[in-house]
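Below is one structure, written out as structure tokens; comments come after it.
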Amino acid sequence: MPSGTRPGRIQIPRAREPSLMTELLDRAASSRASGTSVWRFGQGYLVRVAGQPAGSVAALRTENAVEWAERVFELEAARDTTAADLCARLEELIATTGAADPGRVGLINLRRDVFNARRPRAGTVAKADPLLPPDTKVLFDEWTATVATLRETLDAGGEILGADITAARERARAAVAGDDLRSAVLLQSEVLEKNMDRYVDAKRAGKKAKLDKHGRQVERTLLELLYRAALKTSPFSTLTSVGMGRFSSQTDRVRPEPASLRQHPTVRLNVAVLARLAAVILADPELRSSLHVTLAPGASAEGDAMRYVRRRTSAGADPDAVVAIDSVHEDLFFLPSGPALDDVVGFTRERRPRLSELAGQITAASATRTPQEVDQLLGHLLRLGFLLAPDLQIDLRAADPAVPFVESLRAQPHPVLRDVGAQLAEVQALVERYPRITARQRRDVLTSIRDLVTECFAGVGATPALVPRTVIYEDTVIAGDGLDVSRDTWDASILPDLADVARILPAFDLNLPRRLTATGFFRARYGAGGRCDDVVRFCHEFQRDFFSPYTQRAMRRRQFDDDNAFVPQENWFKLPDIAAVDEAREAASLHLRDLQASSGATDEIRLGPEFVDAVTRHLPPDERVAQPWSFFVQLATGESGPEPGRLVLNQAYAGMTLMFSRFAHSLDAAGVGASELIREVLDDYAPDGAVLAELRGGYETTNLNVHPGVTRYEIVCPGDASTRPPDELISLEDLALVHDAETDRLTLVSDRLGCEVIPIYLGFLMPMALPEVQQVLMCLSPTGMAQIDLWAGTGEPVPAEGITMYPRLLLGELVLQRRMWKLSTDAFPFRDPQRSEAEHFLELHRWRRRHGLPERLFAQVDAAAARTTADDGDAADTGDDPAGAGGPERKSGRKPLPVDFRSWASLQLFEQMALGASSRIVLTEPYPDLDGLWLHDEHGRPHVSELLVELYHTGRDDHA
């Protein structure tokens with residue numbers, strides 16, 4: 001066996017074996033053609049557009065300082081080139097000069113000074129000068145002049161950089177003063193927005209005045225937001241807008257060409273305000289007395305106890321989070337049965353009495369009960385979630401969930417609740433006014449909204465600490481003509497490469513092992529072809545006995561050990577499908593490792609059809625692993641043409657229009673018709689003999705779950721009180737789990753509907769963040785989340801001075817991974833306190849040139865921050881956060897930071913990030929760079945943009 005070859009490694013036939021190579025390529029081409037044919041685009045796509053023109057950050061550049069640095073490097077190069085020639089001549093002179101000659105010491109000292117780029121002393125020159133031939137003397141004079149010019153140039157650096165920083169600061173003040181950025185800053189931090197005026201007001205600050213520590217902190221935060229608004233595509237207020245287009249055969253447009261990028265805002269009250277108010281009201285015996293109550297869905301008698309699923313919600317722990325997501329948990333709960341509890345069940349099973357009415361009925365049912373005891377019992381049952389208050393349920397399917405909530409409060413007989421409803425109606429009026437006014441006016445309106453919300457909490461006896469930091473949400477969309485693109489063109493030029501990616505994604509899917517394991521667990525409990533009619537108990541036992549410890553161990557698993565050997569997943573049921581996924585993932589690593597070894601030093605590595613074949617040949621059959629996918633991609637092209645351009649993959653995530661949902665109401669309000677398109681896509685996907693049914697997600701405390709109802713059915717989970725008609729609701733009691741032994745698939749079946757039910761979740765939270773019952777149900781949903789890190793397990797390239805470069809990876813014309821560099825913080829050129837700003841600026845540029853880094857890049861700390869949201873999509877984010885996290889804050893390197901070496905301010909942001917890094921820093925090329933942007937606004941200014949397209953597997957469209 002050749003050195004370095006591991007057993008089981010896939011050997012790639014070499015060119016010297018033409019018959020084998022031809023056979024392999026023919027087979028791969030055939031596989032590629034058939035693979036493409038079973039994938040199709042969805043009917044629509046999203047485009048995410050940076051809120052600021054990409055060129056807006058050019059105002060922050062210190063171009064004169066950059067030119068000065070480049071001049072220094074030119075002079076240093078000229079000095080060193082001349083010095084090398086001069087040293088060689090001096091060595092010859094020294095060799096031919098006798099040891100007794102008094103000028104020999106002068107020649108030696110002169111050569112030493114030239115070699116060390118040090119200006120010689122006058123005495124050294126006087127001793128050596130008589131021995132210098134005329135041509136050597138000319139060369140020495142040239143070198144001396146260059147050294148003198150270099151010294152003068154270096155001395156001028158401080159003044160040049162200082163003037164450039166002052167001028168750039170004035171331009172920065174103008175750049176951040178616009179209403180669009182101020183609107184986003186206001187929602188990010190009201191304190192920061194108030195401090196903007198001190199920074200923006202140039203007359204007050206003075207053009208030459210130095211900023212104090214607080215002023216520099218404000219400046220850094222504002223400029224970071226400006227960079228993000230210009231170069232990133234994470235939806236948050238006015239920082240990024242979202243539009244929707246269709247793939248159409250009625251147009252020959254190859255790329256979106258929106259007639260306008262004007263932002264249409266939609267503003268809503270944070271539903272966490274409503275949820276926390278509801279919790280306070282339910283905890284108050286007097287306030288809750290007039291509310292209607294109902295039994296928790298699925299509550300039933302089991303032996304001498306009442307069984308139900310308890311839902312618990314606790315407020316988010318981070319008070320500084322722009323988007324605080326409360327945690328929700330579910331667990332199977334048993335209450336000891338008795339006459340009082342039996343009476344509660346009897347009076348609420350078919351009716352929704354007011355709590356005071358129910359209390360009277362329970363008290364009257366037994367002569368031994370007192371009103372106080374009954375009130376205490378009912379309070380406990382509400383706290384434990386055995387009783388629900390539908391009057392305070394938040395309708396996340398409403399275009400504005402606050403509207404029905406306010407109407408419900410205003411209809412209550414209790415005067416305090418009516419007063420709170422009236423105050424919330426005033427809040428709603430301000431919320432509706434908010435998007436139509438200027439940014440400076442918004443500040444006062446937002447303050448009024450917060451004050452009124454605080455009064456609402458005070459009215460029900462709650463502390464102001466319960467008021468969420470973020471009281472309103474804002475999304476902006478673009479609308480109008482020019483967004484539809486040619487389906488035929490995209491099918492021909494884009495679909496083949498994306499289809500290849502879709503085929504290999506099961507090897508990288510983080511959710512697939514969970515889905516396969518659920519089937520294995522069921523088969524172990526109920527046998528092949530088995531059936532379970534108690535879905536709740538299965539979910540509870542699976543979560544308790546297996547899923548929770550399995551998930552914890554899976555999160556701690558490293559895919560590759562220190563020797564780059566693949567570490568198989570936990571496979572407690574010895575499932576061949578999980579072993580196959582492991583083999584496919586290892587094959588991807590081994591294939592790239594071979595390519596890397598044969599490619600040598602290069603900026604780009606192409607993965608051909610043989611790579612796809614090497615991975616897919618190991619995967620389980622499509623019917624068990626195929627699913628819809630959504631792709632966050634960017635088009636990289638500088639000119640119009642018959643093709644859309646090279647595609648760059650940012651992230652692969654679940655399909656099924658999940659990433660469309662959050663913006664559907666806003667797009668509908670702008671006349672785009674997003675809800676209609678989503679319904680069409682989902683109806684088109686539903687396999688024959690199956691229906692799609694939505695899970696609400698269990699979270700009524702975040703706007704990330706707000707979207708219209710787009711499926712024909714909804715699964716009613718514990719704690720839910722849906723407003724849908726009864727015939728559109730599917731209770732957990734109506735569902736059974738059935739194993740299809742022929743296809744080895746675990747399915748949900750509705751007895752009432754007599755067909756398979758496919759659960760889908762269309763909110764913006766990751767499946768592992770959902771309540772426990774819904775997490776298990778999502779194991780039966782075609783929901784994936786791929787983490788494509790092809791370099792893992794390939795062995796790191798040899799680092800240069802602590803920096804490791806990874807080439808760009810392409811599959812066809814699709815960029816799977818951008819070129820990147822990883823470095824330890826020890827390799828970062830932090831500022832030496834003994835150096836001036838100009839010297840540090842020069843050192844940063846010298847470091848960039850030494851390592852071949854581009855002038856613009858993205859920097860991120862190599863530490864995956866815990867996330868519960870499904871965003872970002874962020875580009876070189878890959879994600880971009882995942883999308884929809886709701887804020888531009890960057891904690892622990894979560895968001896990639898745009899870096900521009902031509903800007904002193906940007907370099908300061910970069911260094912601040914590096915100072916706070918606790919692990920390696922990852923630098924990623926900006927691909928596409930500014931010269932590759934294709935989307936322009938009505939003023940001709942280019943904008944960074946990102947497309948979200950979906951692929952559907954036609955084989956799953958046709959059968960369950």
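The model shown is predicted, which means the values in this text are computed figures rather than measured ones.
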> Are V944 and L933 close enough, and set up right, to give a side chain to side chain contact (heavy atoms under 4.5 Å, CB included), and what steps lead you there?
Replying inline: CA-CA 6 Å; V944 173; L933 302 180; 4.0 Å; yes
>> If you count every heavy atom of other residues, nucleotides or ligands that lies below 6.0 Å from Q217 atom CD, does the total exceed 12?
In response: no
> Rounded to the nearest 0.5 Å, how far does NE2 of H943 lie from CG of L935?
Replying inline: 7.0 Å
> Would you say R119 has more than 12 foreign heavy atoms packed within less than 6.0 Å of its CZ?
Replying inline: no
>> Donor-acceptor check, side chain of T233 to backbone of A50, threshold 3.5 angstrom: yes or no?
In response: no
> Roughly how far, to the nearest 0.5 Å, is the CZ atom of R182 from the CG atom of D197?
Replying inline: 4.5 Å
> What orientation do F910 and F901 show, parallel under 30°, tilted 30 to 60°, or perpendicular over 60°?
Replying inline: perpendicular
> What do the steps show when you test R71 against E74 for salt bridge (charged side-chain N to carboxylate O under 4.0 Å, His left out), and what is the final call?
Replying inline: CA-CA 5 Å; R71 176 61 176 157; E74 290 174 2; 3.8 Å; yes
>> What's the separation between atom CZ in R61 and atom OG in S906, rounded to the nearest 0.5 Å?
In response: 9.5 Å
> So L154 and R151, side chain to side chain contact (heavy atoms under 4.5 Å, CB included) or not? Walk me through it.
Replying inline: CA-CA 5 Å; L154 287 170; R151 173 52 54 196; 4.1 Å; yes
> Should we count CD of E159 as having more than 12 external heavy atoms under 6.0 Å?
Replying inline: no
> Roughly how far, to the nearest 0.5 Å, is CG of L110 from CG of L93?
Replying inline: 10.0 Å
> Does NZ or CZ of R111 lie under 6.0 Å from the centre of the six-membered ring of F115, at an angle within 45° of the ring axis?
Replying inline: yes
> Stepwise, does the side-chain hydrogen bond (donor to acceptor under 3.5 Å, both in side chains) test hold for E946 with N650?
Replying inline: CA-CA 9 Å; E946 182 179 38; N650 289 335; 2.7 Å; yes
> Between the side chains of D832 and H840, does any donor sit under 3.5 Å from an acceptor?
Replying inline: no
> Quick one: OG1 on T62 to CD on E67, what's the gap to the nearest 0.5 Å?
Replying inline: 10.5 Å
> Of R902, R846, R849, R848, which is the lone residue that meets salt bridge (charged side-chain N to carboxylate O under 4.0 Å, His left out) with E70?
Replying inline: R902
> Side chain of N195, backbone of V191: donor and acceptor closer than 3.5 Å?
Replying inline: yes
> What is the ring orientation for F828 with F830, classed by angle as parallel under 30°, tilted 30 to 60°, or perpendicular over 60°?
Replying inline: tilted
> Say you draw a straight line from CD1 of I605 to CG of L810; how long is it, rounded to the nearest 0.5 Å?
Replying inline: 10.0 Å
>> Do K232 and Y227 form a cation-pi contact, if we require the NZ or CZ to be under 6.0 Å from the six-membered ring centre and within 45 degrees of the ring's axis?
In response: no
>> With a 4.5 Å cut-off on side-chain heavy atoms, are Y199 and V176 touching?
In response: yes
>> Between R104 and N109, does the side-chain hydrogen bond (donor to acceptor under 3.5 Å, both in side chains) criterion hold? Intermediate values first, please.
In response: CA-CA 9 Å; R104 190 173 190 275; N109 289 335; over 6 Å; no
> When you check the side-chain N and O atoms of R646 and Y927, is any donor under 3.5 Å from an acceptor?
Replying inline: yes
